[in-house]
**Student:** 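Before I ask anything, here is the structure I am working with.
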2 protein chains.
Amino acid sequence: MDGSTGPADEISFGVLGEMLGYRLRRAQLTFFNNFSTACSDLGVSPGLFGVLVIAKENPGLTQTAVAQALGNDRSAMVAAVDRLEKLDLIERRPSKKDRRSYALYLTDHGQKFYKELVDRVAAHEDKLCERLKPGEKELLLEILSRFAS
Amino acid sequence: MDGSTGPADEISFGVLGEMLGYRLRRAQLTFFNNFSTACSDLGVSPGLFGVLVIAKENPGLTQTAVAQALGNDRSAMVAAVDRLEKLDLIERRPSKKDRRSYALYLTDHGQKFYKELVDRVAAHEDKLCERLKPGEKELLLEILSRFAS
DNA sequence: TATTGTTATACTCTATAACTATA
DNA sequence: TATAGTTATAGAGTATAACAATA
């Protein structure tokens, strides 16, 4: 104890502390950084992981459809699928219905890799979720899903 | 009813739907876009708003201290404070204690502008929070604050 | 005409490293 | 030596506009 009223470097956050937008940004940054630490050696970013999951769950989808599902522009899919192809996780197959588009599929290696990847991602999510009490994760997911668009 | 089992274009999100990181990212994006729509005409981004609030609540803080409070690098402060200075919202005053650093203060115009800005930001947060039931916002803020670092 | 994948481009955000002037 | 502000730079991430091939 030094008898002072408190450290002089204590900072007031004002309205920022009551703003959902700010809290969401900080929390999301924590999850993003945690994900990167966990998976950077595999070459998979959060964004690439999203593409991988959608392709895994919906085989044969076009790039544009994946982009729409994830809420971003189809032009962003090109580099993403390029990288996933170089990692031998995804392959572009010419669509038989529409010769303009590709159908996306996980490669054999991608299928095996997927299980390992999801385990690792889940493990690190679980570690962060140790900060939650029972039932809070489900509650959070439900509430956040209302802000998905 | 067409007798089918459902639309063929219904997309499965797999584990993504149960991942807090993904839900946080989508929700945060909604808030970010909403903020930008509400405040782009004022030239204030979510990041600049954060700097403004910290400077307002803690007059005389150095750039480095503001950066630490917001969790980003001090090099990012330069352009941020430059822009806020051009908007006549913030001023750099030479610190009397340490000639290496500046003390940041809101300008007179910044003080007036701040109230108007906070009102507008709060209004648009409130609009998004119409999706929440009573008590859920406070609950969200409390839970999310645990992921602030 | 409209759409798919693509390219070029640009803008934001963010981080690292090195410089300078102070401490 | 360590730190504050700065600069240069680079890497993601994201979006727009335009083009060729195809619908």
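Note that this is a predicted model, so its numbers are computed, not measured. Labels below follow one simple rule: chain letters A, B, ... track the order of the sequence lines, proteins then strands, and each chain is numbered from 1. When reading the values below, keep in mind they use all heavy atoms of this one structure, side chains included, and skip hydrogens, waters and symmetry mates.
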**Student:** Do the rings of A/Tyr22 and A/Phe13 sit parallel, tilted or perpendicular, given the 30° and 60° boundaries?
**Tutor:** tilted
**Student:** Look only at the side chain of A/Gln63 and the backbone of A/Tyr102, and say whether a donor-acceptor pair between them is shorter than 3.5 Å.
**Tutor:** no
**Student:** Using only modelled atom types and a 3.5 angstrom limit, is any donor from either the side chain of B/Arg100 or the base of D/dG5 paired with an acceptor on the other?
**Tutor:** no
**Student:** What's the CZ-P distance between B/Arg92 and D/dT6, to the nearest Å?
**Tutor:** 4 Å
**Student:** Is the distance from OP1 or OP2 of C/dT14 to the nearest side-chain N or O of B/Arg74 less than 4.0 Å?
**Tutor:** no
**Student:** Under 4.0 Å, counting only non-hydrogen atoms across every strand here, what does B/Asp98 touch: a base, just sugar-phosphate, or nothing?
**Tutor:** sugar-phosphate
**Student:** Test your reading of the model: is there a side-chain donor-acceptor pair from A/Arg120 to the backbone of A/Ala38, 3.5 Å cut-off?
**Tutor:** yes
**Student:** NA contact type, B/Asp73, heavy-atom cut-off 4.0 Å: base, sugar-phosphate, or nothing?
**Tutor:** base
**Student:** Whole-Å distance between C/dA23 C1' and B/Arg99 CZ?
**Tutor:** 10 Å
**Student:** Does B/Ser12 reach the main-chain N or O of A/Glu57 with its side chain, forming a donor-acceptor pair under 3.5 Å?
**Tutor:** no
**Student:** Given atom CZ of B/Phe49 and atom P of C/dC13, what is their separation to the nearest angstrom?
**Tutor:** 15 Å
**Student:** For A/Val81 and for B/Leu48, locate the closest nucleotide of DNA chain C by heavy-atom distance; then report the residue assigned to the nucleotide nearer the 5' terminus.
**Tutor:** A/Val81
**Student:** Can you tell me the distance, in whole Å, between the CG atom of B/Leu29 and the P atom of D/dA12?
**Tutor:** 20 Å
**Student:** Looking at B/Ser75 and C/dT16, is any side-chain donor or acceptor paired with a base atom of the opposite kind under 3.5 Å?
**Tutor:** yes
**Student:** If you compare every side-chain N and O of B/Thr64 against the phosphate oxygens of D/dG5 (OP1, OP2), does one of them come in below 4.0 Å?
**Tutor:** yes
**Student:** Rounded to whole Å, how long is the line connecting atom CD of B/Glu85 with atom C1' of D/dT6?
**Tutor:** 14 Å
**Student:** Given atom CG of A/Leu70 and atom C1' of D/dT14, what is their separation to the nearest angstrom?
**Tutor:** 13 Å
**Student:** Round to a whole Å and report the spacing from CZ of A/Arg25 to P of D/dG13.
**Tutor:** 16 Å
**Student:** OP1 or OP2 of C/dC13 sitting under 4.0 Å from any side-chain N/O of B/Arg83?
**Tutor:** yes
**Student:** Counting only side-chain N and O atoms of A/Ser45, is one of them less than 4.0 Å from OP1 or OP2 of D/dG13?
**Tutor:** yes
**Student:** How do B/Asn33 and B/Tyr102 order along DNA chain D: which one's closest nucleotide is nearer the 5' end?
**Tutor:** B/Tyr102
**Student:** Determine whether a donor-acceptor pair (N or O, by modelled atom type, separation under 3.5 Å) exists between the side chain of B/Asn33 and the backbone of B/Leu29.
**Tutor:** yes
**Student:** Nearest whole Å is fine: how far is C/dT14 C1' from A/Gln28 CD?
**Tutor:** 13 Å
